[in-house]
Every structure is written in C-alpha cells, then in structure tokens.
Amino acid sequence: MLLNKFIKPSLFVQLCRRNIQSKAQKRPPLAFAFDIDGVIMRGPEPLPKARNALRILDGNNSLNAKIPYILLTNGGGQTEFDRAKKLSSRLDTQISPSQIIQAHTVLKDYVDAYADKTVLCLGGVGDTMRLVAESYGFHKAYTTTDVLAWNSSIWPFIHVTESDLASAKPIDFSRTPISAVFVFHDPRNWGIDVQIICDVLQSGGLLGGPWVEPRTQDVELVFCNPDLLWKSDFSRPRLGQGAFKASFQAVYSMLTGSEYPYTQFGKPTQSTYDYARRVLHDLLDRSYGPGSGTHPRMYMIGDNPESDIAGANAAGWSSVLVHTGVYDPTTGPPRHVPTHEAEDVEEAVVWAIEREREMVRQIEEEEN
Ligand code: G3P
Ligand code: MG
C-alpha cells in the first residue's frame with residue numbers, strides 16, 4: 001500500500017490503533033471544573049462528599065464513562081505538582097499536576113516577557129513564591145523575605161529571624177531595578193507588603209531610590225486572586241487577596257493621589273477561564289486524540305457567586321453553586337445566578353450527569 005512506502009510499519013500500526021481507540025472512546029458529553037476551598041476542601045480537610053464526587057467521575061456513573069475534570073482555584077502558594085500530590089493523598093485519588101490551575105498558574109504565560117528581568121513575587125510563606133516562580137521559568141524572582149534580608153529597616157516594626165535570612169537570596173535592590181510586582185498568593189503580613197509595593201512603585205522600581213513622577217511609573221503590577229472573601233475552616237468567610245489589594249490601593253492613592261494601574265487574574269476574569277478551557281481541551285486531546293468529536297459541555301462547581309459563578313456564566317459554561325462555602329442561602333439569592341444550586345459537590349456532580357444523560361436521550365429519541 002502507498003502509505004507503507006513513507007511510514008515505518010510499526011508507526012503505521014500505531015496510527016491505526018490510535019485511530020481505532022479514539023473512535024472507540026467517545027468524548028464524554030461533559031467535563032468539570034471544581035473550585036477547591038468551600039467545594040472540595042474546608043481548610044486542611046476534605047469536605048464530606050468530595051471523595052465520592054471524584055469517585056463518580058472515575059467511571060462509577062450512569063454514563064459508564066471516565067469524566068475529565070480540572071481543579072480551578074483562586075488559591076495557591078505552592079507548585080501545581082505539590083498541590084496535586086497533597087490533594088491526591090487527602091482525597092484518595094490520582095490527580096495530576098496538569099489538572100491543577102491555581103491563581104498564579106496563568107503567570108506561566110508571563111515568563112517570556114520576564115524570564116531574565118528582576119521581579120518581586122509576593123504572598124505565601126518564606127521563599128515558597130520564589131520556588132514556584134522559578135519552577136515556571138522566572139530566573140530573577142525575589143520575595144518579601146529577600147527585601148527584608150537586604151535592608152530590614154524598610155519595615156522598622158519587624159525582627160528578621162535567622163531562618164528568614166537562611167532562605168533569603170542576596171541581592172542589592174538599591175542597584176537592581178524591579179520590573180514587575182506579581183502578587184502570587186495571599187500576603188501573610190499586609191503591612192510589610194503594602195510598604196514594599198509602595199516603595200517599588202513610587203521609586204520606579206529602585207527600592208530606596210528617589211520618588212519618580214506617577215505617570216512615568218512603568219513597573220508592571222499584577223494581582224492573581226480578586227477574592228474579597230473565601231471560606232476556610234473558620235465559621236465565617238475570611239478576607240482574601242482582594243481585600244489586600246483594596247488596602248494597598250487605599251494607601252497608595254493617599255500617598256500619590258490615584259490608584260496604581262494593575263492587571264487582575266483569577267476567577268472570574270476571562271483570562272483565567274480561557275486558560276482553564278485551554279488546559280481542559282489539552283487534557284481531552286491527550287485522552288481521546290486531537291479533534292475527535294465536539295468539546296464537552298463545561299460545568300463549573302463553585303461556592304462563591306462572585307468568582308466561580310460569575311466567571312463560568314461569562315464563559316458560557318454551566319454553573320452549579322454549592323452551599324458548603326462562602327455562599328449562604330439564608331442570605332437571599334446570589335448576585336450571579338447559577339444554572340443550578342446544590343447542597344454539596346456530590347449532589348452537583350450527579351445532577352450534571354443526569355442532565356447530560358437526559359439531553360443525550362432526547363437527541364437519540366429525535367434522531368430515531
Ligand atoms: O485564597 C484562596 C481563596 O481566595 C479561594 O480559593 O479554591 O475557593 O477559589 P478557591
Ligand atoms: Mg471557593
């Protein structure tokens with residue numbers, strides 16, 4: 001056969017086999033994006049129905065199909081690899097790093113522009129944000145701890161410990177301009193980080209340098225998580241990175257007369273939902289072969305109407321609001337109306353699968 005002339009027999013067999021396989025394993029009609037805090041986890045503990053919900057997607061469902069899913073969180077503070085490992089052990093299931101999208105994961109798209117420029121990565125504990133940034137490809141990433149180790153008088157109210165200094169990366173910030181400030185994760189000490197961001201921006205990137213005219217400031221400022229509130233294991237929702245941003249901008253505009261322009265990522269932003277759609281389509285192409293059939297309907301399962309539901313609705317996805325997190329149904333209808341509300345993540349998953357089964361059944365009925 002002509003084809004054999006150009007392709008080694010083994011490769012030909014592989015291609016045939018792949019073609020048969022992808023034809024055999026039809027893409028499921030739906031896929032899921034799960035929020036983490038308030039849907040799957042409550043603080044360090046899995047929520048009661050989380051394990052079973054993921055078991056249902058592993059094939060134990062009325063579609064008899066393995067249903068693909070990603071975890072889409074405004075949280076962060078570690079690499080996707082570490083998060084996947086921890087969640088897999090807490091939830092007794094296998095979750096791969098490629099299924100995890102944290103608030104700062106989208107910054108992988110910024111590496112080309114900033115790989116060899118000095119950037120400040122804020123949030124989290126100690127040097128974790130530098131390690132995450134370096135794992136993405138940022139070669140000159142520094143943290144609040146590095147700034148304090150360089151000159152602790154930048155924030156006179158703190159005593160820098162030996163262990164802080166141990167994890168610090170030496171640099172002379174008075175000679176090394178900072179090109180961008182990325183707020184990767186929720187800052188642990190708002191006072192220090194507000195002070196440092198103001199210092200970087202007002203001096204055009206050269207810490208401790210003279211103030212520059214506001215309009216000349218071209219240090220890029222990026223926030224990764226807009227959440228004002230989020231649900232951990234405390235009885236009431238907690239302040240999130242969005243509250244930190246509001247505090248920073250309040251101080252900065254008192255100092256300079258106006259807020260500093262910034263880029264926002266995280267749910268509900270379109271860039272984060274577009275990133276999530278890309279990741280999920282790659283997952284599907286890897287599982288079922290590229291272009292084999294239409295993309296499944298996307299279901300976002302979330303606890304926060306402002307981030308999970310607003311973003312999913314704007315992305316044209318179906319959305320399910322659960323009652324195990326930020327949203328409290330006794331406070332009235334949510335500002336952003338979901339496709340459906342459910343008590344918990346398991347009820348949400350079962351509802352979505354039954355909805356799709358019903359749709360498939362109706363289509364088949366019409367075709368017959
Ligand atoms: O810091 C995390 C928090 O803002 C929300 O996380 O998983 O509910 O999007 P998540
Ligand atoms: Mg949540």
Side-chain angles (χ1 to χ4, degrees), residues 32-47 49-50 53-54 69-78 80 82-84 86-87 90-91 95 99-107 121-125 128-129 132 182-190 193 223-234 236-247 264-269 271-273 275-276 279 299-313 315 317 319-329 334-336 338 341-345 348:
F32 287 90
F34 292 103
D35 172 54
I36 295 181
D37 294 304
V39 173
I40 300 281
M41 302 294 283
R42 179 170 287 157
E45 292 304 321
L47 275 153
K49 301 293 181 67
L54 298 182
Y69 66 90
I70 55 174
L71 297 166
L72 178 60
T73 175
N74 275 350
Q78 52 197 301
E80 288 69 27
D82 290 344
R83 193 95 193 238
K86 282 187 195 131
L87 286 171
R90 301 299 291 114
L91 297 162
I95 298 171
Q99 288 176 275
I100 303 274
I101 300 176
Q102 303 183 103
H104 42 71
T105 309
V106 291
L107 292 182
C121 305
L122 302 182
V125 181
T128 48
M129 288 306 93
V132 171
F182 296 119
V183 184
F184 269 60
H185 188 38
D186 302 29
R188 288 333 187 234
N189 186 318
W190 289 18
D193 286 345
F223 289 91
C224 293
N225 169 9
D227 286 353
L228 180 65
L229 295 172
W230 67 290
K231 190 74 175 65
S232 74
D233 48 1
F234 187 73
R236 303 296 306 152
R238 302 295 74 194
L239 293 176
Q241 193 185 125
F244 168 77
K245 178 182 74 183
S247 313
Q264 181 70 69
F265 290 118
K267 301 170 290 182
T269 66
S271 36
T272 288
Y273 277 86
Y275 191 95
V279 166
Y299 284 82
M300 176 77 209
I301 315 297
D303 71 306
N304 188 334
E306 303 303 320
S307 56
D308 307 311
I309 306 306
N313 293 355
W317 298 6
S319 57
V320 184
L321 179 61
V322 297
H323 298 168
T324 48
V326 169
Y327 173 64
D328 173 358
R335 220 159 62 86
H336 300 280
E341 281 190 38
E343 274 313 307
D344 56 54
V345 62

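By convention here, the first residue in the shown sequence is residue 1. In each ligand, atom 1 is the first atom listed, and ligand 1 is the first ligand listed.
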Please check this pair: side chain of D308 against backbone of D303, looking for a donor-acceptor N/O pair closer than 3.5 Å. yes
Ligand 1 atoms nearer than 4.0 angstrom to some heavy atom of D186 are 1 (O)
Once you restrict to heavy atoms under 4.0 Å, what part of V326 touches ligand 1? Side chain, backbone, both or neither. neither
Among all protein heavy atoms, pick out the one at the shortest distance from atom 6 (O) of ligand 1; state its residue, atom name and that distance to 0.1 Å. D37 OD2, 3.0 Å
Is there a side chain to side chain contact (heavy atoms under 4.5 Å, CB included) between L47 and V345 once you walk through the steps? CA-CA 9 Å; L47 275 153; V345 62; 5.9 Å; no
Run the numbers for me: atoms of ligand 1, each under 4.0 Å from some heavy atom of G75, listed by number. 1 (O), 2 (C), 6 (O)
Between T272 and G266, is there a donor-acceptor pair closer than 3.5 Å when you use the side chain of the first and the backbone of the second? yes
Using only atom types and a distance under 3.5 Å, with no angle test, would you say the side chain of K267 pairs donor to acceptor with the backbone of L72? yes
Classify the contact between D227 and ligand 1 as side chain, backbone, both or neither, using a heavy-atom distance cut-off of under 4.0 Å. side chain
re atom 8 (O) of ligand 1, the protein heavy-atom contact at minimum distance is D35 OD1, 2.8 Å
Nearer than 2.8 Å to the Mg ion (ligand 2), the protein contributes N, O or S atoms numbering 3
Should you measure from each heavy atom of W230, which atoms of ligand 1 turn up under 4.0 Å away? 3 (C), 4 (O), 5 (C)
Main-chain N/O of G77 paired with H104 side-chain donor or acceptor, under 3.5 Å: yes
For the residue pair F34 and F32, does the interplanar ring angle fall in the parallel (under 30°), tilted (30 to 60°) or perpendicular (over 60°) class? parallel
Testing the basics here: between Q78 and Q102, what is the closest heavy-atom pair and its distance to 0.1 Å? O-NE2, 2.7 Å
Just by distance, do the side chain of Q264 and the backbone of F223 share a donor-acceptor pair under 3.5 Å? yes
Under a 4.0 Å heavy-atom limit, does K231 contact ligand 1 with its side chain, its backbone, both, or neither? neither
Can you find an N/O atom of T73 closer than 3.5 Å to an N/O atom of ligand 1? yes
Shortest non-hydrogen contact from G302 to D35? CA-CB, 3.9 Å
State whether a side-chain donor-acceptor pair under 3.5 Å links D344 with T324. no
Record the part of D308 in heavy-atom contact with ligand 1 below 4.0 Å; permitted values are side chain, backbone, both and neither. neither
Is the side chain of Q99 donor-acceptor paired with the backbone N or O of Y69 at a distance under 3.5 Å, no angle test? yes
Against ligand 1, does Q241 come closer than 4.0 Å with any heavy atom? no
Are any of the N/O atoms on K267, whether in the backbone or the side chain, positioned under 3.5 angstrom from an N/O atom of ligand 1? yes
Identify, by atom number and element, the atoms of ligand 1 in contact range of I36, meaning under 4.0 Å from any of its heavy atoms. 7 (O)
Any donor-acceptor N/O pair, N225 side chain to N74 backbone, under 3.5 Å: yes
